[in-house]
Amino acid sequence: MSFALPTVTADAVPAGAPLLDVREPEEWAAGHAEGALHIPMGQVVERMGDITEHAGDGTLHVVCKVGGRSAQVTAYLVRNGIDAVNVDGGMHAWQASGRPLVAESGGDPFVL
């Protein structure tokens, strides 16, 4: 049984919307969206409580580097009853659309 994966463009993510970044720690450290929750893809199942808490009653926007990992996580979350959408194009699209990034180091953020 297949379904259409809910997807949104990076520039359509509302400011302040719950955002889940499923990239690896070094990718996160290089540059991420402020306020995003960082849970690497491999930890999603064990950290579902953190994810549902972060999502609250809103739509959870899931992002990775280009959209592949986040698509898999979004599909998993939707199958488990969470209102989630994949951010098409990932952090590359986020940055290209002019959305702000922050780096853990305090230096110039970039998408790794």
Chemist: Can you check whether Pro100's main-chain N or O pairs, donor with acceptor, with Trp94's side chain at less than 3.5 Å?
Modeler: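 Pair found, side chain donor or acceptor close to backbone of Pro100.
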Chemist: Considering only heavy atoms from C-beta outward, does the side chain of Ile39 approach that of His54 to under 4.5 Å?
Modeler: no
Chemist: Closest heavy-atom contact between Ala75 and Leu5?
Modeler: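 Looking at all heavy atoms of both residues, the closest pair is N-CD1, 3.7 Å.
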Chemist: Side chain to side chain contact (heavy atoms under 4.5 Å, CB included) for His32 and His38? Distances and angles first, verdict last.
Modeler: CA-CA 9 Å; His32 59 271; His38 178 231; over 6 Å; no
Chemist: Check for me, please, whether Val73 and Met48 land in the same ILVMFWY cluster - side-chain distances under 4.5 Å, paths through other members count.
Modeler: yes
Chemist: What pair of heavy atoms forms the shortest contact from His61 to Val87, and how long is it?
Modeler: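 Smallest heavy-atom distance, with atoms named: CB-CG2, 3.9 Å.
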Chemist: Indicate the atoms forming the closest heavy-atom contact of Cys64 with Gly68, along with that distance.
Modeler: SG-N, 3.6 Å
Chemist: Looking only at heavy atoms, what is the nearest atom pair of Ser97 and Ala10, with distance?
Modeler: OG-CB, 4.0 Å
Chemist: Starting from the C-alpha separation in whole Å, work towards a yes-or-no answer on side chain to side chain contact (heavy atoms under 4.5 Å, CB included) for Leu20 and Leu77.
Modeler: CA-CA 11 Å; Leu20 172 64; Leu77 295 174; 4.1 Å; yes
Chemist: Is it the case that atom CD in Glu104 sees more than 12 heavy atoms from other parts of the structure closer than 6.0 Å?
Modeler: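 Yes, CD of Glu104 has more than 12 neighbouring heavy atoms, counting only those of other groups under 6.0 Å.
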Chemist: Can you name the nearest heavy-atom pair linking Gln95 to Phe110, along with the distance?
Modeler: NE2-CA, 4.2 Å
Chemist: Could you grab the distance from atom CG of Asp83 to atom CG of Asp57, nearest 0.5 Å is fine?
Modeler: 10.0 Å
Chemist: Kindly determine whether Met41 and Tyr76 satisfy side chain to side chain contact (heavy atoms under 4.5 Å, CB included), including the steps that lead there.
Modeler: CA-CA 11 Å; Met41 183 177 177; Tyr76 175 79; over 6 Å; no
Chemist: Can you check whether Met91's main-chain N or O pairs, donor with acceptor, with Arg23's side chain at less than 3.5 Å?
Modeler: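 It does not hold such a pair.
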Chemist: Quick one about Thr9 and Asp88 (side-chain donor to acceptor, distance below 3.5 Å, no hydrogens or angles considered), yes or no?
Modeler: no
Chemist: Would you give the length of the straight line joining atom CD of Gln43 to atom CD1 of Ile51, rounded to the nearest 0.5 angstrom?
Modeler: 9.5 Å
Chemist: Which pairs with one or both residues in residues 65-76 pass salt bridge (charged side-chain N to carboxylate O under 4.0 Å, His left out), sequence neighbours excluded?
Modeler: Glu27-Arg69
Chemist: Closest approach of Asn86 and Ala71, non-hydrogen atoms and distance?
Modeler: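 Minimum heavy-atom separation between Asn86 and Ala71: OD1-N, 3.3 Å.
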